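The structure presented is a predicted model; accordingly, all values stated were derived computationally and were not measured. Naming convention: chains lettered A, B, ... in sequence-line order (proteins, then strands); numbering from 1 in each chain.
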Amino acid sequence: MLHSETHFLKANLETDPSILPAGVTVPTTQVEARIPGVHGFGPETPEQFYPLDPRNVRLEQIASLVFSTLALAGVFIALSIVWLNIGFGMLWYCLAAGAFLVVTVLYIAAWFWPPVSHRHAAWRLDAAGLEIRRGVLWQHQITIPLGRVQHADVSQGPFQRMLELGTLTVHTAGTQNASVELQGLTHTMAIQLRDLIVEQRKDQHVV
Amino acid sequence: MSSDLPDPDSNQDSAWTTSDVAEHSTLDREIDNPARGDNRRIEVGHSLADVSANGLSYLHPTSLMFDLLAHGRTYLVPAAFGLWGAAKGDATLLIISAMIFVPAFLVSVFRYFTFRYCITNGQLIVRQGLIFRHVRTVPVSRIQNIDFVQNLLHRIFQVAEVKVETASGTKPEATLRVLSMSKMESLRDAVFGDSASNQTLVPDADWQTDPIQTEVPHSAIQPMANPANGRYPNASGQSPLVTPLLEIPLSWLIKAGMASNRGMIMVGILLGAYFQFVDQKEFFRFEALGHLLPVNASPTFIAVAAIGGVIGALLLLRLLGVGWFVLRFFGYQLVRRGDDLRISCGLLTKVSATVPRQRVQFISVHRNLFMRMFGLASIRIETAGGAGNQGEHATESVSKRWFIPVVPEQRVAELLTALRPDLEWDESKLDFKPLSERTGRRLCRLAFMEAVMLSAVGMLVSRPWGWTVGVVALPLLVMWAIKKSKAMRYARAKNCVVYRSGVFIRKTSVTFFEKIQTLRVDQTPFDRRWKMARLSIDTAAAGPADHRIQVPYLEENFARKELQLLRLKTAQEQPVFG
């Protein structure tokens, strides 16, 4: 039973990439339309990867703006503490100028960085597993073979709920990458992906 | 088939309430693989219950003492205070320490009387607590290892501390402190008799006629000594043979001790203890050494004495290392019993560990500089669960960190094949892919920059000639860079991935496609400038072997292609680790 399925998968991988192995079924037409990766193995081209939801850019911007504002508040508090202790002076002005420069850079980055990182993030799911690319300066490409997934869950933060986005977390038995997050999918997509991954896992008789 | 057998639940001790029993039956059914028939499983469970004691058992009576000792370390200081107070005739301190001690003792008593265990229905059941009752059910087929440790005190009482491990988490699933040797042995047989072949079930008749049920060995340190003990039924009804794989003679241990830097660590510990307990005023006075010399010693005599002293100290360090190795691994034996590998060793504290062969995730061969000189190697393994951490149990460090502490080079291949029969290990024939050809240049440039920085620091420290530091360091740094890049090699064989690295301690690690959990390729901005990438392969329990498959400085194209290839290969294999 276990063996025959392994062979089936192997046969598909080696001979006919267009046929889905028994394990990979597409539950809804919506996913079918949006995850061509599951149809099989095409050429290893970047086009095959799927971008995150564009709303994720907005989410990142909001989150970064919130962070920058917190940083600004922190700067105000720190500067007033310095002022109370040593009063105005050359040191204070220098500190203030430096701090506001940093905060300004943070604000600018909060607005312009998310679109850039969005362009560098992509994912795909095929019969071999889930693959994620992300990172602008430090670039990462992570792949999780479907058979290795222990469990997968979907989470949603408050802003994500607002924008109907979700985060898919895939857990493996590994150590360094025991859990891999894919943030910035639509919530329904994340749930469908999770179901797909977990179902596949079940079919493969994972320990 | 099982109609003549009594219901296994009737075997339960009366202490079990019916609700407890019901709980276990449901658990059993939940965990049970649907592919297995429930009926047959219960038969096995029944036999297993026979093998272990009937129903639920208490731990060995001396557990009370060992439990108190194990938890008592934290009370050592109050105890010392109490004694000190009593000696000075001061009762308050005594009362205070009694207030700490008596509850601790009561807790130990409570723990002893509320802790019970048994093996039934193919599950190890451990029940703890009275008010908050904690029942842990571990399916026997999921048990990874059963290890036991025996220090001198344990040996006097013929008991051992037993640790049951599954694939989950870093902590052992259950620690049985302590069991008598006979109980320990029957527990181990019950577990590995079943799980050595957990795909098929054990024929009933064999279990009932097998001598193991009546003859329980008492010398568990060398369980293989008695040929009758080495036979127990497996799935096919045949007794798996016990194959001795390796015995380490004292001479190897001495060599390994000489080659290791263990002595240094022991000196560190001794120094730590010294500074901890000795008053700062009595700090070791190095000037005092001068008084050992004769009054009018010639300079040559002093020089000779100094050199002799240094050589003597180094020798002493090596001897300490030898001592550590001998203490730890004296009488090391590695045997294969069916699909399990068993290690036993130790001079004072004896350790025995069982590692199921199919659960080995990662194998690492280490050779340090001296070991290479002696033609020796050591082999470490990783199994799922129980990643090595600080304060790890002695069995853990033996079965993982020190799987084979020392072995001559020419036997490495043979032992690795014993660990993994389909591994064709021949390091010289492996198709080692070199790193990117620009690695040397990149590392040399890095070395140059480091030298420049050293020069700058040197200039800051001392003005006219500070920069010479960098000039002196440059050839060393470059040499190091070249050595380092030459040592790193990556290879992919039929069913495994091999990575070798390290200049002084050469580490060669291998993992198998079905053990790979995740794969990744990372690029730093510098990597991108050089069109290089790092390939990382994650396995379960990466840690104890102290080596990770993270191959830096690969050609970017190669790394990405390799990732896709490994990804497909990994997807074809079933994960096996528990």
Report task. Step through the shown structure and confirm whether more than 12 heavy atoms of other residues, nucleotides or ligands are within 6.0 Å of NZ on Lys433(B). Result -> yes
Query raised in the report: Of the backbone (N, CA, C, O) and the side chain (C-beta and beyond), which part of Phe513(B) lies under 4.5 Å from a heavy atom of chain A, both, or neither?
Result: backbone
Requested in this report: For each of Thr172(A), Thr143(A), Ile142(A), tally heavy-atom pairs with chain B at distances under 4.5 Å, and name the one with the top tally.
Outcome: Thr143(A)
Report summary line: In Gln141(A), Gln176(A), His140(A), the residue satisfying side-chain hydrogen bond (donor to acceptor under 3.5 Å, both in side chains) with Arg520(B) is His140(A)
Query - Neighbour count >12 (heavy atoms, 6.0 Å) for atom CZ, Arg528(B) - result: yes
Query raised in the report: Who pairs with Tyr499(B) by ring pair (Phe, Tyr, Trp, His ring centres under 6.0 Å), at least two apart in sequence or on another chain?
Result: His547(B)
Requested in this report: Please answer whether the main-chain N or O of Gly129(A) pairs with a side-chain N or O of Arg567(B) as donor and acceptor at a distance below 3.5 Å.
Outcome: yes
Query raised in the report: Is there a side-chain contact between Arg548(B) and Thr175(A) (heavy atoms, below 4.5 Å)?
Result: no
Requested in this report: Heavy-atom pairs under 4.5 Å with chain B are the metric here; pick the option from Ile144(A), Val180(A), Leu137(A) that has the most.
Outcome: Leu137(A)
Report summary line: Of all heavy-atom pairs linking Pro145(A) and Gln517(B), the shortest is CD-O, 3.2 Å
Report summary line: Whatever's closer than 4.5 Å to a heavy atom in chain B on Val170(A) counts as neither
**Report entry** Max heavy-atom pair count under 4.5 Å with chain A, selected residue of Leu563(B), Ile516(B), Leu519(B)
**Finding:** Leu519(B)
Query raised in the report: Any sub-3.5 Å donor-acceptor pair from Arg148(A)'s side-chain atoms to Thr518(B)'s backbone N or O?
Result: no
Requested in this report: Give a yes or no on whether Arg58(A) atom CZ has more than 12 heavy-atom contacts from other residues, nucleotides or ligands under 6.0 Å away.
Outcome: no
Query raised in the report: Does a sphere of radius 6.0 Å around CZ in Phe100(A) hold more than 12 heavy atoms from other residues, nucleotides or ligands, not counting ones at 6.0 Å or beyond?
Result: yes
Requested in this report: Any pair with a residue in residues 163-187 of chain A that passes salt bridge (charged side-chain N to carboxylate O under 4.0 Å, His left out), sequence neighbours left out, goes on the list, sorted by first then second residue, please.
Outcome: Arg55(A)-Glu164(A)
